[in-house]
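Whatever order the structure lists ligands and atoms in, that order sets their numbers, starting from 1.
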Amino acid sequence: MFALNLLTLAFAATATVALPAAKRDLAPSCNLLGGGAFDTATNFTLAAWNTTLPNANNTGVPLVLGQAGAISGAEFKVFSTFASFPFNQYPSLSLDKGRLIPHGTDVAPAKAGTVPDGSEPGFIVSNDSDPEQGAQIYCGVADIDPAGHGTGHPFLAVNGDTDSFALCKAGTQNNIVFKPAAGKGYDLSSCYAVKVQIIEEF
Ligand SMILES: *[C@@H]1O[C@H](CO)[C@@H](O)[C@H](O)[C@H]1NC(C)=O
Ligand SMILES: *[C@@H]1O[C@H](CO)[C@@H](O)[C@H](O)[C@H]1NC(C)=O
Ligand SMILES: *[C@@H]1O[C@H](CO)[C@@H](O)[C@H](O)[C@H]1NC(C)=O
Ligand SMILES: *[C@@H]1O[C@H](CO)[C@@H](O)[C@H](O)[C@H]1NC(C)=O
């Protein structure tokens, strides 16, 4: 995280001071997300950081890929709190040019789907899935405020937005939803706003 911040800062400084006209060559999913935006990272996990109540720590609640049903030959996964879905088959994630890719041992590949308003960011898992063909809609946003107002962790954005995630109860699971809406299969009244944080593993 420290290295990432330094790199981002160095890059931002170069871009504004030395090369004012140069455009950073980032995936379109990072458009308008500012100098801290990055479209590629390896080996991280995600955590949900409550934006309304104090958190136990600056990390927030760990997220894992939770089940979300299956069809013949394929399963669906969404982000659930580990507390509500205590299995972790895909213990690390990477971000490749705006594509979010889960990694695990002895598991089928997981390909990210698009995330319409009201839906749960998710993946289709099957032996035919190609994660490199997943929806190119994610971006990381590091905190580059010199005053250091952030949590120390970058936020995840989907569809160019870091500010519209919530945790909502769906059955026994507590799942990440983007722009919660009525009639979508989770309990809307249970939703509360979170930011999704990128926690770098070393
Ligand atoms: C987050 O805040 C909401 C209220 O806004 C609360 O209901 C919920 O329990 C909190 N969750 C955690 C994990 O702190
Ligand atoms: C942060 O607090 C959450 C509970 O809200 C806990 O599940 C998690 O393990 C804690 N993370 C760290 C790094 O202490
Ligand atoms: C993928 O293939 C393996 C080995 O053939 C099989 O055991 C597994 O059930 C398949 N996974 C899915 C999601 O179809
Ligand atoms: C990711 O982090 C884990 C935990 O520290 C480490 O064991 C693993 O080697 C790392 N993987 C990669 C690809 O860097």
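Looking at Thr59 next to ligand 2, no N or O pair under 3.5 Å apart turns up.
Those atoms of ligand 2 with a heavy atom of Ala56 less than 4.0 angstrom away are 2 (O), 5 (O).
With a heavy-atom cut-off of 4.0 Å, Pro62 touches ligand 2 through its side chain alone.
Atoms CZ and CG, from Phe165 and Asn175 in turn, are 13.5 Å apart once rounded to the nearest 0.5 Å.
Minimum heavy-atom separation, Lys77 to Gln67: CD-CA, 4.5 Å. Counting all heavy atoms, side chain and backbone alike, Lys195 lies closest to Thr162 at CD-O, 3.9 Å.
Ring orientation note: the planes of Trp49 and Phe155 are tilted relative to one another, at an angle of 30° to 60°.
Within the 4.0 Å heavy-atom shell around ligand 2 one does not find Ala47.
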